[in-house]
Asks: 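Next up is a structure, given as C-alpha cells.
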Amino acid sequence: MKYQAPRGTYDILPEDIKKWHYIENIIRKFTSLYNYSEVRVPIFEQLDLFQRSVGEDTDIVEKEMYTFKDKKGRQLALRPEGTASIARMVAEHNLQSSKKEPLRLWYEGPMFRYSRPQKGRYRQFCQFGIECIGSSKPIADAEIIAIGWQILQEAKVPDVSLEINSVGCPECREQYNILLKEFLYRDKDKYCTDCRRRMEQNPLRVFDCKNKICQQLINNAPRMLDNLCEECSIHFDSVKNNLEMMKVPFTVNPEIVRGLDYYTKTAFEYKVNYLGAQDALGGGGRYDGLIEYLGGKQTPAVGLSMGLERIILSLEKSGFSFPEENNLKVFVIPIGAAALQASIEMMQEFHKADISAIIADESSSVGSNLKCCDKNNVSFAILIGDNELKSGMYVVKDIQKKAQSEIKKEEVVSFIKNT
RNA sequence: GUGGAUGUAGUUCAAUGGCAGAGCACCGGAUUGUGGUUCCGGCUGUUGUGGGUUCGAGUCCCAUCAUCCACCCCA
C-alpha cells in the first residue's frame, strides 16, 4: 500500500459515521437544553496563545504541539485544546455577558497533539467542550459538571465515575506550594528521580507518581484541599452542594491535577476503568484568570472538554449498538434501457417529496437488484419495464413485507408516503 | 519521549525455510421480468515497505512504516 493515514490519525468510514452522529446529537441536545451556543474557532492559532494559556511547563506545550511557521514567518500551532481559543475569542471581540446571564458557548472539532499513539490516544482527535463565561458562582461549575455527566448518561456510557477537586486560586495555591515543597524536601532523597524533578517544576505532580515508595511518602503530605483559602473553600463546598441538589454523583479526589495551567478552584474528571491507560473521558474546571491574562476584561469562567473517540470507544467496548441511520427508502429498478427515462423521472418525483431514491443498474437482473435491496435495508423497490410503461401502472414492492402491488405511476409517491 | 508485541485476500485467521490456503464477505448462475435461506461456480494477494542470508524466504537477519500494550501524558 503506497499511502496510509499518517501516524496517529484515522479515517471515519461510512459504517462508523453513525457512532459520531449518535454522540453529536446528544451533545447538541444538551447544549441546546442549557442554552449554549455553538462557536467555531480556528484550527491553528499563534503559538504564543497556547504557550501562555496552557502553560510553558506543561507536557502539552513542552513536547506535544504541532508548530510551524507560515510563509511570512509567523509562529503558529495546531490547536492542542479548545479553551485557549475560546478565551482568546472572548477577549478579542470583547464578548459581553449580561449581568444576569453568563455567556454560554460550546464547540467541537479536531485537536492535535504529538504524542505516541495508542488506542484512544491519537495525534488528531476530536474534542467537544462547553464554556460558561462570566459567572464566578458555584452553580456555574455545577452546571458544567452536570451537563457533561448527563451527556455521558444519556449516551449510555457504562460505569462513569466523576471525580472533583479544588486546585485553589493563585494565592492559596502559592501558599500551599510552599508548604508542599517543605514537606517534599524533608525526604527529598527518598523520592524517585522524576519526582525530584517534579518538586522543582510542579510539585503537585508528585501526587501522580506511580512509584510505590513515592506514593507512600506522599500519603502524609499536606493536601491542597486542606489548605484552601476561605473563599476557595466556601466555593468548593457550594459546588459539592449544588451537585448534590442536581443529583449528580461524585467523589472528591484530592489528587486530581489537570495538565493545563489555567485552572483555578474547581477541577474535575470523568473516568472509566475499562479503557486501559486511556481512562479519562473528559475533564475541566474553572479558569477565572485566563481571559484577563489574554488581554480581556477580568472574566471568571468554567468549562469542560471531552474526547469523542474515547466516548465512542467506551460504547463499543460495552457492546452498545448504535442506531442505524440513512437507510435508502426507494430503489427504482429499470428493466431494460427503454425504462431509463421513466425511472429517472420517478426518482426525481421522490426527491421532490423528500424521499431518498436511487436508480438501479438497468443492465443487471431484476433478481440481483432485489437482492441489493435486501442487503441495504431498502424499504421499497419500484419496477419499471415494458409492461409498466405500456399500462402506466408501476410495480411497487414492499421489501420488508415481501408484498407487491401495482400503482398508477402518478400515485406511487403518495402511496409510499402513506405506507 | 522510554520499553515490549504484532503486521498474510475486503475481513477473521492458517501455512516445518520448499507450489500462499480456509471461513465470512463480494460477484455470477439455478428455463428469458422478482428476493434475506439453500445449492453450484468464480474472483480476491507485489505476504506493510526496502534491503540482506539462502539453491529456495510469508517463515531467518537488518532497516523502515504502521498498529497494539505498558510507562509517560491526557481526551
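Chain A is the first sequence line, chain B the second, and so forth, proteins listed ahead of strands; every chain is numbered from 1.
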Asks: For T58(A) and for S364(A), find the nucleotide of RNA chain B with the closest heavy atom, then tell me which residue's nucleotide is more 5'.
Replies: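 That would be S364(A).
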Asks: Expressed in whole Å, how much space separates the C1' atoms belonging to C69(B) and C60(B)?
Replies: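 These two C1' atoms come out 26 Å apart once rounded.
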Asks: Could you check whether the side chain of Q404(A) and the base of G35(B) have a donor-acceptor pair of N or O atoms closer than 3.5 Å, going by distance alone?
Replies: no
Asks: Is it true that a side-chain atom of N25(A) and a backbone atom of H21(A) form a donor plus acceptor pair closer than 3.5 Å?
Replies: yes
Asks: Do Y66(A) and Q124(A) pass the side-chain hydrogen bond (donor to acceptor under 3.5 Å, both in side chains) test, and can you show the C-alpha distance, the side-chain angles, and the key distance before you say yes or no?
Replies: CA-CA 10 Å; Y66(A) 280 92; Q124(A) 177 179 335; over 6 Å; no
Asks: Nearest whole Å is fine: how far is C68(B) P from L275(A) CG?
Replies: 13 Å
Asks: Between K409(A) and E388(A), does any side-chain N to carboxylate O distance fall below 4.0 Å?
Replies: no
Asks: Is atom NZ of K137(A) surrounded by more than 12 heavy atoms (other residues, nucleotides or ligands) closer than 6.0 Å?
Replies: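 12 or below, so no.
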Asks: Hey, does I333(A) reach any base, or is it just sugar-phosphate, or nothing, if we go heavy atoms under 4.0 Å?
Replies: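 Here I333(A) touches no strand at all.
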Asks: Quick check for you: among C74(B), G1(B), C26(B), whose closest atom lies nearest to any side-chain atom of R113(A)?
Replies: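 Nearest to the side chain of R113(A) among the choices is C74(B).
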Asks: What nucleotide among G35(B), G33(B), C74(B) has an atom nearest to a side-chain atom of A280(A)?
Replies: C74(B)
Asks: With sugar-phosphate meaning primed atoms plus P, OP1 and OP2, does K402(A) contact a base, only sugar-phosphate, or nothing at under 4.0 Å between heavy atoms?
Replies: base
Asks: What is the base-pairing partner of C26(B), counting Watson-Crick and G-U wobble geometry with both distances under 3.5 Å?
Replies: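 C26(B) is paired with G42(B).
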Asks: In terms of the nearest nucleotide of RNA chain B, which residue is placed more toward the 5' end: G8(A) or Q127(A)?
Replies: G8(A)
Asks: Report the base-pairing partner of G1(B) (Watson-Crick or G-U wobble, both distances below 3.5 angstrom), or none.
Replies: C71(B)
Asks: Let's test your reading of the model: under 3.5 Å, does the base of C72(B) pair with the side chain of R121(A) as donor and acceptor?
Replies: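 Indeed, a donor on one side and an acceptor on the other fall under 3.5 Å apart.
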Asks: Rounding to the closest angstrom, what is the interatomic distance between A57(B) and G18(B) at atom C1'?
Replies: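 After rounding to an integer number of Å, I get 10 Å for this pair.
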Asks: Choose from C74(B), C27(B), G33(B) the nucleotide whose nearest atom is closest to any side-chain atom of I335(A).
Replies: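 So the side chain of I335(A) is nearest to G33(B).
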Asks: Remember a base hit wins even if backbone is also touched, and classify N369(A) as base, sugar-phosphate or nothing at under 4.0 Å, heavy atoms.
Replies: nothing
Asks: Heavy atoms only, 4.0 Å cut-off, all strands: where does G385(A) land among base, sugar-phosphate and nothing?
Replies: base
Asks: What's the NZ-P distance between K397(A) and G35(B), to the nearest Å?
Replies: 8 Å
Asks: Rounding to a whole Å, what distance do you find between I23(A):CD1 and A75(B):C1'?
Replies: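 Rounded to whole Å, this separation is 13 Å.
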Asks: U67(B) base to K119(A) side chain: any donor-acceptor pair below 3.5 Å?
Replies: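 Side chain to base: no pair below 3.5 Å.
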Asks: Separation of W20(A) atom CH2 from A75(B) atom C1', in whole Å?
Replies: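 Answer to the nearest Å: 11 Å.
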Asks: How would you label the contact of Q124(A) with the nucleic acid (heavy atoms, under 4.0 Å): base, sugar-phosphate, or nothing?
Replies: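 Nothing, no heavy atom under 4.0 Å.
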Asks: What is the distance from CG of L308(A) to P of A75(B), rounded to the nearest Å?
Replies: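 Result: 13 Å.
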Asks: Separation of I382(A) atom CD1 from G35(B) atom C1', in whole Å?
Replies: 16 Å
Asks: Suppose we call two aromatic rings close when their centres sit under 6.0 Å apart. Are F320(A) and F322(A) close by that rule?
Replies: yes
Asks: Using a heavy-atom cut-off of under 4.0 Å over every strand shown, decide if E362(A) touches base, sugar-phosphate, or nothing.
Replies: nothing
Asks: Between C24(B) and U59(B), how far is it from one P atom to the other, in whole Å?
Replies: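 Each nucleotide's P atom is 29 Å from the other's.
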Asks: Is any side-chain nitrogen or oxygen of R116(A) closer than 4.0 Å to OP1 or OP2 of C73(B)?
Replies: no
Asks: So, does the side chain of N387(A) form a donor-acceptor pair with the base of G33(B) at under 3.5 Å?
Replies: yes
Asks: When you get a sec, tell me which of A75(B), C26(B), G33(B) is the closest nucleotide to the side chain of K375(A)?
Replies: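 Of A75(B), C26(B), G33(B), C26(B) is nearest to the side chain of K375(A).
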Asks: Looking at G36(B), I'd like to know if its phosphate oxygens (OP1 or OP2) sit under 4.0 Å from a side-chain N or O belonging to K401(A).
Replies: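 No, outside the criterion.
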Asks: Within the structure shown, what part of the strands sits under 4.0 Å from I311(A) by heavy-atom distance: base, sugar-phosphate, or nothing?
Replies: nothing
Asks: How far does the C1' atom of A22(B) sit from the matching atom of A70(B), given to the nearest Å?
Replies: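 A22(B) and A70(B) have their C1' atoms separated by 35 Å.
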Asks: Say you pick atom C1' in G28(B) and the same atom in U47(B); how far apart are they, in whole Å?
Replies: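 To the nearest whole Å, 28 Å.
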Asks: Could you give the distance from OH (Y34(A)) to CD1 (I144(A)), rounded to the nearest 0.5 Å?
Replies: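 Going from OH on Y34(A) over to CD1 on I144(A), the span is 10.0 Å.
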Asks: Under the 3.5 Å rule, do the base of C72(B) and the side chain of D59(A) count as making a donor-acceptor pair?
Replies: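 There is none.
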Asks: Between P on U64(B) and OH on Y3(A), what's the gap in Å once rounded to a whole number?
Replies: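 Checked: the OH to P distance equals 21 Å.
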Asks: Under a 3.5 Å cut-off for both distances, is U49(B) Watson-Crick or wobble paired, and to whom?
Replies: A63(B)
Asks: Using Watson-Crick or G-U wobble geometry with both distances below 3.5 Å, tell me the partner of U54(B), or none.
Replies: none
Asks: Less than 3.5 Å between a donor and an acceptor, one on the side chain of K371(A) and one on the base of G36(B), is that the case here?
Replies: no
Asks: Using a 4.0 Å heavy-atom cut-off across all strands, classify G129(A) as base, sugar-phosphate, or nothing.
Replies: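 Contact class for G129(A): none.
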Asks: Any donor-acceptor pair under 3.5 Å between the side chain of R310(A) and the base of C74(B)?
Replies: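 Pair found.
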Asks: In whole angstrom, give me the gap between the C1' atoms of A25(B) and C19(B).
Replies: 27 Å
Asks: So what does L260(A) touch, heavy atoms closer than 4.0 Å: a base, only the sugar-phosphate, or nothing?
Replies: sugar-phosphate
Asks: Using a 4.0 Å heavy-atom cut-off, does G283(A) contact any base of the nucleic acid, only the sugar-phosphate backbone, or nothing at all?
Replies: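 Here G283(A) touches no strand at all.
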Asks: Minimum heavy-atom separation for F30(A) to I151(A), with atom names?
Replies: CB-CG1, 3.8 Å
Asks: In whole Å, measure the gap between the P atoms of C40(B) and U46(B) for me.
Replies: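 Their P atoms lie roughly 30 Å apart.
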Asks: Counting the benzene-type ring for Trp, do F268(A) and F250(A) have ring centres under 6.0 Å apart?
Replies: no
Asks: Ignoring backbone atoms, establish whether Q4(A) has a side-chain N or O less than 4.0 Å from OP1 or OP2 of C65(B).
Replies: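 Q4(A) to C65(B) OP1/OP2: no side-chain N or O under 4.0 Å.
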Asks: Would you indicate which nucleotide in G36(B), C73(B), A75(B) comes nearest to any side-chain atom of S115(A)?
Replies: A75(B)
Asks: Considering only atom C1', compute the distance from C43(B) to G10(B) and round it to an integer number of Å.
Replies: 12 Å
Asks: Are any of the side-chain heavy atoms of K417(A) and I355(A) separated by less than 4.5 Å?
Replies: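 Yes, side chains in contact.
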Asks: Assign the ring pair Y122(A) / Y10(A) to parallel, tilted or perpendicular, where the plane angle (0 to 90°) is split at 30° and 60°.
Replies: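 Answer is tilted, since the angle falls between 30° and 60°.
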Asks: Looking at C19(B), which nucleotide sits across from it as a Watson-Crick or G-U wobble partner, both distances under 3.5 angstrom, or is there none?
Replies: none
Asks: Which nucleotide wins on minimum distance to the side chain of V395(A), given the candidates G33(B), A75(B), G35(B)?
Replies: G33(B)
